[in-house]
Amino acid sequence: MAGRKSKYSSENSNIKGTKIWSVAVYIRLSQEDSDNGEDKQESNSITSQKALLNEFIEEHDDLIVYDTYVDDGYTGTDFNRPGFQSLLEDMRKGNINCVLVKDLSRLGRNYIEVGNYIEQIFPLFNIRFIAINDSVDSFKNPTSTNTILVPFKNLINDEYCRDTSIKIRSALNGRKRKGEFVGAFPSYGYIKDPEDNHKLIIDKESAEIVRKIFEWKVNEGLGNLSICHRLNDMGVLNPTGYKKKRLNQNYNNSQIMQEDYSWCPSTVRNILKNDIYIGNVTQGKRRVKSYKVHKVEQVPEDEWITVENMHEPIIERELFNKAQGMRKVDTRVQDSGNLSMWAGILKCVDCGRAMHKKYCKNRSGIVYEYYICGTYRKKSNKLCTKHTLKVEELENAVLESIKLHIELLVDTEKLLEQINKSNTKKLANENMENIKQAKEKEIEKLNNLKRCLYEDWKNDYITKDEYLEYKQKYEQDIEKIKEIMANLDKQKEKQEEIINGNSLWIENFKAHKNITELDRDIITELIDYIEVHENKKITIHFKFMDELDKILEYIENENKASIFERVKKA
């Protein structure tokens, strides 16, 4: 900011009948205005604006600069800018009585807010407003702020910002759909290719740590906390520390305090679930709410953009898939160092606590294994009952259940193939498209009504309160319709997935068609968890239950009662 001159006083406020104005020179430059494109007649750079404004002040003896306020790199869609907030503070203190800008777009690009400042706030504080290029001067030409041209220009400025936002977002989404990396910093284990900023290559040192994390999880059954302890004991920097200290990147993590670069369980968990390590590029997990509301929100997982096989993988897909199954269960390593086949899978149906493995000898001296409720064993026999179950009985029951599901799912897959050959898919798509077209017309109608509101307000057909009320109602109605359309798209995707039979879990079961015995890989691949009842019965929760429910619902709607009942009973 330029050096401040003393506050104007009553003594110098009138020289030879001319009022002296204490001027706040305001300059703003956003990223979309930073380059001089072919469609611009002049640059909007900070230097260019300063030169124009200073020249204007030199030509007018009644203007004295109190201060210059600069917001470099700030959007005009809101007024949460440090320079402008400082200007408002001086305005409230009475230090200034004139605001000078190059044009209306420098003040802002939100036409409602800009109009509010010009028509209400500045007049309330007796502030003279001058926009040089738009020939607006609220003192010399008061009608210049009230003509239809001012709101019209503000509307154009607002539309320009919206159009720019759409173009930028569209360009970024286009790159994301191509699998090009558009983030500032790649995930731990990768760096940007020096020859192509949108492509990732393996960083050997950190990639080796990533491999160890997956191997420790899958092969040794270590929990996330145990992995953290091992890495910290080895003196390995966490991803934030590695990027700052080893790669010399200007990377900041708000959760890191006082350069504490030790590992924590959440960091390990995020690495284990990140599909970037099998060559995928998944982006679009967060987004800005709109070009006016800059709040960052989480995006639902089904809306993420994933492109496979875009760079060299660090982890084999088989190892990655096993890790996904294991990170969902609480695995424990036995004293012998061997990972129990049922670790983290068995739960007491009544208290929800993990089952504990015990050993016992019968009268014949034969040692057998069994599981008992953890609450009963470690806390109190009054809090829960034993829920004991022999391992042999458990293995037999689970093995038979898997065999039965394999048999039934093969029949289900054949039925899906028959449905796929019918006209059901075509009719469903046509019905959804008709609904979507009707909803799009509703949105178009509401948008037209909303556009007419501003003119009705300015022509005094409606009050400002009515304008805001109707505008909010139309926007809410539009959002509801958009939500309905989004749900239709999701429903269509789910329906196509069911009809096309793109069910990986069916293939997983079929791969074990001739199964004769169980191992941990099969259990973690197919089963989410097992609940143990007091009467030695078990409830198996397979990982495909949600997908099966979708198919059962679809089959029920198709009146395939026989297969439906058979699968449902299983």
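- A distance of 7.5 Å separates CD in Glu475 from CD in Gln472, rounded to the nearest 0.5 Å.
- No hydrogens or angles considered: nothing links the side chains of Asn232 and Ser262 as a donor-acceptor pair under 3.5 Å.
- Ring pair Tyr529/His541 is parallel by interplanar angle, where below 30° counts as parallel and above 60° as perpendicular.
- Atoms CD1 and CD, from Ile478 and Glu483 in turn, are 14.0 Å apart once rounded to the nearest 0.5 Å.
- A donor-acceptor contact closer than 3.5 angstrom is absent between the side chains of Thr306 and Asn280.
- Between atom CZ of residue Arg353 and atom CG of residue Asp350 there is a gap of 14.5 Å, rounded to the nearest 0.5 Å.
- Panel note: side chain Trp263, backbone Val236; a donor-acceptor pair is recorded below 3.5 Å.
- A donor-acceptor pair shorter than 3.5 Å can be found between the side chains of Asp203 and Tyr242.
- We find that Arg211 and Glu215 are not joined by a salt bridge, their nearest charged nitrogen and carboxylate oxygen being 4.0 Å or further apart.
- Distance check: Leu526 CG to Asp528 CG gives 11.5 Å after rounding to the nearest 0.5 Å.
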| field | Worked verdict on Asn321 versus Glu318 for side-chain contact (heavy atoms from CB on, under 4.5 Å) | value | CA-CA 5 Å; Asn321 290 338; Glu318 183 180 356; 5.8 Å; no
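- For the pair Glu369 and Lys357, the salt-bridge criterion is met [side-chain N within less than 4.0 Å of a carboxylate O].
- Panel note: side chain Glu180, backbone His198; no donor-acceptor pair is recorded below 3.5 Å.
- How far CD1 of Ile314 is from CG of Leu319: 12.0 Å, rounded to the nearest 0.5 Å.
- Ring geometry, Phe214 versus Tyr277: the interplanar angle exceeds 60°, so the pair is classed perpendicular (tilted spans 30 to 60°).
- Side chain of Asn448 to main chain of Glu444: a donor-acceptor pair is present (N/O by atom type, distance under 3.5 Å, no hydrogens or angles).
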